[in-house]
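See structure below.
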Amino acid sequence: MTDNKLRLGVNIDHVATIRNARGGDHPDPVRAAEIVAAVGGDGITAHLREDRRHIRDDDLKRIQDATDLPLNLEMAATEEMLKIALRHQPHAACIVPEKREERTTEGGLDAAGLHNQLAPIVTELKDAGIRVSLFIEAHPAQLEAAMRLGAPVVEFHTGEYAHATGEARAVELKRIADMAALAAKNGIEPHAGHGLTFDNVQPIAAIPQVAELNIGHYLVGEAIFTGLESAIRRMRELMDEAR
């Protein structure tokens with residue numbers, strides 16, 4: 001059903017990671033954004049990290065200018081990133097935890113413990129017309145914190161699900177499904193992402209309340225072997241089959 005279509009946001013960070021490994025301008029994440037738009041992706045996700053290890057400041061405007069797709073800016077809860085978000089006015093800002101030494105985002109944001117730090121940032125982003133998302137674990141305390149903060153969207157961290165096997169994966173899947181249902185019941189739109197692949201995406205995609213998946217590293221990795229267009233099309237097919 002069209003009304004129940006699951007959106008696919010493609011994270012293009014690691015195109016920039018490859019570019020930055022050698023310096024220069026190739027491969028350009030803007031070209032990746034254009035491919036996402038051409039093959040029917042629903043949005044572009046880009047994480048401007050504090051250390052600029054992949055996406056750089058000047059990439060943001062170029063990405064926004066290149067396509068009409070909504071930009072989901074992943075950002076740490078800092079004054080620097082708030083100013084950048086307010087300047088660029090992305091469609092959405094997803095607040096994520098960030099540590100300089102981590103290879104990738106290692107878990108969900110502690111929205112409960114960081115309420116006082118997050119509250120003014122969430123308010124400023126919302127007042128600027130930017131849709132705020134909080135990247136959290138599928139846990140009641142974190143969802144309750146998101147509700148208190150007035151976030152219209154939460155993105156559930158699916159890393160534990162992705163790395164689990166057997167019964168442990170079933171437990172993680174149920175936890176995400178239960179929290180997605182609870183979020184939707186309370187007027188919050190649930191998204192999901194992290195560690196999703198061709199092999200594990202469908203159970204998450206089948207959760208009826210989940211409105212969007214954000215997938216990046218796996219698609220860029222597959223693109224090395226099959227091309228980015230092919231990788232996105234295959235992920236889209238699997239998501240649609242699950243619905």
Side-chain angles (χ1 to χ4, degrees), residues 1 4-11 13-14 42 45 47 72 74 77 94-99 101-115 118 132-149 151-222 231 234-243:
M1 290 171 51
N4 198 33
K5 183 189 176 187
L6 178 60
R7 298 192 301 272
L8 172 60
V10 178
N11 185 315
D13 288 350
H14 295 298
D42 300 293
T45 293
H47 184 176
N72 174 38
E74 291 186 340
C94 183
I95 302 176
V96 300
E98 187 173 318
K99 295 187 298 214
E101 66 273 17
E102 68 188 359
R103 291 186 180 181
T104 184
T105 304
E106 295 174 347
L109 183 74
D110 183 11
L114 297 174
H115 180 277
L118 293 171
V132 179
S133 173
L134 301 179
F135 185 77
I136 61 172
E137 297 294 336
H139 188 281
Q142 298 302 333
L143 183 57
E144 288 165 11
M147 291 166 57
R148 288 196 301 274
L149 287 162
V153 178
V154 293
E155 181 172 337
F156 291 123
H157 174 240
T158 52
E160 293 299 321
Y161 158 82
H163 296 132
T165 58
E167 183 60 29
R169 176 170 286 188
V171 169
E172 289 298 321
L173 179 63
K174 184 177 187 305
R175 185 165 65 93
I176 294 166
D178 288 348
M179 287 300 100
L182 185 59
K185 181 180 178 181
N186 285 279
I188 294 178
E189 183 174 284
H191 298 178
H194 202 83
L196 297 178
T197 70
F198 292 158
D199 294 329
N200 66 27
V201 71
Q202 288 197 312
I204 296 293
I207 299 171
Q209 294 86 0
V210 172
E212 180 174 307
L213 300 182
N214 283 295
I215 305 174
H217 180 269
Y218 182 78
L219 291 175
V220 174
E222 281 297 298
R234 180 59 180 151
M235 188 63 78
R236 176 79 268 167
E237 287 170 4
L238 290 166
M239 289 165 56
D240 290 344
E241 285 173 10
R243 277 294 159 103

I204 side, atom CD1; I176 side, atom CD1 - distance, nearest 0.5 Å: 4.0 Å
Closest contact, heavy atoms only, A205 versus R243: O-NE, 2.7 Å
Kindly determine whether M235 and F198 satisfy side chain to side chain contact (heavy atoms under 4.5 Å, CB included), including the steps that lead there. CA-CA 6 Å; M235 188 63 78; F198 292 158; 3.7 Å; yes
The criterion is side-chain hydrogen bond (donor to acceptor under 3.5 Å, both in side chains); which residues satisfy it with T158, sequence neighbours excluded? none
So the salt bridge (charged side-chain N to carboxylate O under 4.0 Å, His left out) pairs with at least one residue in residues 181-193 (sequence neighbours excluded) are R7-E189, R131-E189
Could you tell me which residues satisfy salt bridge (charged side-chain N to carboxylate O under 4.0 Å, His left out) with D240, sequence neighbours excluded, listed by chain and number? R236
Can you tell me how the ring of F135 sits relative to the ring of H157, calling it parallel under 30°, perpendicular over 60° and tilted otherwise? perpendicular
Which residues satisfy the side-chain hydrogen bond (donor to acceptor under 3.5 Å, both in side chains) test with N72, sequence neighbours excluded? T45
Using side-chain hydrogen bond (donor to acceptor under 3.5 Å, both in side chains) as the criterion, list what pairs up with R175, not counting sequence neighbours. E172
Does any N or O in the side chain of D13 come within less than 3.5 Å of the main-chain N or O of H47, such that one atom is a donor and the other an acceptor? yes
If the condition is side-chain contact (heavy atoms from CB on, under 4.5 Å), which residues does P203 pass it with, not counting sequence neighbours? Y161, L173
Please give me the minimum heavy-atom distance between A111 and L118, naming the atom from each residue. CA-CD1, 3.7 Å
Non-neighbouring partners of V132 that pass side-chain contact (heavy atoms from CB on, under 4.5 Å), sequence neighbours left out: I95, V122, L125, K126, L134, P152
So which atom in L6 and which in V210 form the shortest heavy-atom distance, rounded to 0.1 Å? CD1-O, 3.3 Å
Taking only residues two or more places apart in sequence or in another chain, which ones pass side-chain contact (heavy atoms from CB on, under 4.5 Å) with L182? L143, M179, N186
Heavy-atom distance under 4.5 Å between the side chains of L149 and H115, does that happen here? yes
Would you say N200's side chain and G195's backbone share a donor-acceptor pair under 3.5 angstrom? yes
Sequence neighbours excluded - salt bridge (charged side-chain N to carboxylate O under 4.0 Å, His left out) pairs with any residue from residues 190-205: none
Heavy-atom closest pair (F156 atom, A183 atom, distance to 0.1 Å) is CZ-CB, 4.4 Å
H191 backbone acceptor or donor facing E212 side chain under 3.5 Å: no
Contacts of type ring pair (Phe, Tyr, Trp, His ring centres under 6.0 Å), residue H163, not counting sequence neighbours: none
Name all residues meeting the side-chain contact (heavy atoms from CB on, under 4.5 Å) criterion together with E237; count only those two or more places apart in sequence or in a different chain, and write none if there are none. R234
Can you check whether L8's main-chain N or O pairs, donor with acceptor, with D42's side chain at less than 3.5 Å? yes
For Q209, the side-chain hydrogen bond (donor to acceptor under 3.5 Å, both in side chains) test, sequence neighbours excluded, returns none
Once you round to the nearest 0.5 Å, how far does NE2 of H217 lie from CG of L219? 10.5 Å
Here the gap from N11 atom CG to H194 atom NE2, rounded to the nearest 0.5 Å, amounts to 10.5 Å
